[in-house]
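Okay, handing you the structure first.
Lettering of chains follows the sequences in order, A, B, ..., and the numbering in each one begins at 1.
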Number of protein chains: 2
Amino acid sequence: MPGVDEKDREILKILRSNGRITLTELGKRVGLSPASVKNRLEKLEKLGAIKGYSAVIDPAFLDEYVSAFLELKLAIDDHTVDSLLKKVAELENVEAVYRKTGERSILIKASFHDTDEVKVFVGRLKDLFGKNLERAEVTLILDTFKEGWIPFERRRG
Amino acid sequence: MPGVDEKDREILKILRSNGRITLTELGKRVGLSPASVKNRLEKLEKLGAIKGYSAVIDPAFLDEYVSAFLELKLAIDDHTVDSLLKKVAELENVEAVYRKTGERSILIKASFHDTDEVKVFVGRLKDLFGKNLERAEVTLILDTFKEGWIPFERRRG
DNA sequence: GCTGAAATTCTGGAGTG
DNA sequence: CACTCCAGAATTTCAGC
């Protein structure tokens with residue numbers, strides 16, 4: 001990557017598992033002054049290396065008891081559906097949206113209050129994609145051992 | 001959830017998509033003083049509602065050009081494999097580890113420098129799980145529209 | 001949960017290599 | 001051009017209420 005050196009990569013790696021670290025502490029770890037770290041952060045954000053900062057929340061505390069993956073098989077999956085995928089990504093309960101290889105080429109991770117909400121969500125997807133949506137497969141998440149470079153302690157089921 | 005009120009949930013929701021917000025700004029949004037927000041954050045972290053803070057990084061800037069899902073089918077998948085899954089979760093290139101419904105009950109998200117590294121990683125999984133690993137299916141991620149409650153702008157391919 | 005003062009951190013400009 | 005230094009501003013922390 002142009003204009004990104006080893007120190008920048010160190011910063012990115014640290015931030016990935018420690019998103020709320022102060023500039024001072026970050027500077028100590030990579031051997032730079034807080035001001036320099038700040039400059040680099042602004043550069044990295046502008047370049048798109050840092051997409052944003054997030055806290056990893058246990059969904060149960062937000063009354064989101066059901067987390068699920070939804071895999072979509074589309075009749076046509078080219079960049080013309082990107083705007084629809086962006087719409088899906090903007091929904092409040094949608095945590096992640098990927099395009100991947102394989103027949104079921106869209107993967108969505110989302111959380112719900114109960115299974116009824118899952119049904120409603122699938123209905124919304126059908127409305128959005130219309131006839132282009134050939135199949136929607138739902139898989140429930142039973143356990144999360146790690147997420148976003150931060151390990152979860154296992155909750156007893 | 002006991003001991004968690006509506007303001008706590010507001011705080012969690014805001015942090016999810018804005019992990020580096022200051023206590024002052026957070027206080028303004030939920031109508032509390034910075035000191036109170038701090039107290040609540042400590043409570044929420046202790047309760048396990050907040051697992052940690054993370055920056056969402058574009059993997060390409062860390063020379064991780066290949067992101068993939070690995071789905072594992074295990075002969076036996078009960079809590080006796082949890083310690084193995086924790087080991088997998090601790091690997092540096094592993095971003096997420098889930099247990100889910102369905103035949104391929106383990107889902108791993110990881111990033112790699114190239115496809116050779118994927119091969120090495122699958123080999124390591126075979127070593128770890130031994131005969132218990134019946135199948136490992138690799139799916140490559142082509143596009144990320146959202147991750148960890150933070151939207152990605154689509155990168156041009 | 002608030003207040004106020006002290007400690008720490010952040011910020012922006014001038015200066016250095 | 002990126003980094004450092006430094007002073008003023010903002011934030012965070014910690015006491016007492």
Please check the phosphate of dA2(D) (OP1 and OP2 only) for any side-chain N or O of S36(A) closer than 4.0 Å.
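Looking at the OP1 and OP2 atoms of dA2(D), neither is under 4.0 Å from any side-chain N or O of S36(A).
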Taking atom types as modelled and ignoring hydrogens, do the side chains of N93(B) and S111(B) form a donor-acceptor contact shorter than 3.5 angstrom?
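Their side chains do not contain a donor-acceptor pair, so the 3.5 Å distance test is not met.
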If a pair satisfies side-chain hydrogen bond (donor to acceptor under 3.5 Å, both in side chains) and one of its residues is in residues 13-23 of chain B, list it, with sequence neighbours excluded.
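Residue pairs with at least one partner in residues 13-23 of chain B: E64(A)-R16(B).
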Find out whether T144(B) and K51(A) are in side-chain contact, i.e. whether some heavy atom of one side chain is under 4.5 Å from a heavy atom of the other.
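A side-chain contact is absent here, since even the closest heavy-atom pair is not under 4.5 Å.
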Mind calculating the distance between CG (N39(B)) and P (dC2(C)) to the nearest angstrom?
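Rounded to whole Å, this separation is 10 Å.
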Quick check: F69(B) with Y98(A) (ring centres under 6.0 Å apart)?
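Yes, ring centres under 6.0 Å apart.
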Could you state the CZ-P distance from R40(A) to dA2(D), rounded to the nearest angstrom?
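My rounded result for the distance is 9 Å.
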Output one letter per nucleotide in nucleotides 3-17 of chain C: B when a protein non-hydrogen atom lies under 4.0 Å from the base, S when only the sugar-phosphate is that close, - when neither is.
------SSSB-----
Backbone of G3(A) reached by a side-chain donor or acceptor of K43(A) within 3.5 Å
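Judged by distance alone, yes, a pair lies under 3.5 Å.
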Value in whole Å for how far the P atom of dG1(C) lies from CG of D8(B)
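Roughly 8 Å, once rounded to whole Å.
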Minimum heavy-atom separation for K146(B) to E95(A), with atom names?
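Taking every non-hydrogen atom into account, CG-O, 3.7 Å.
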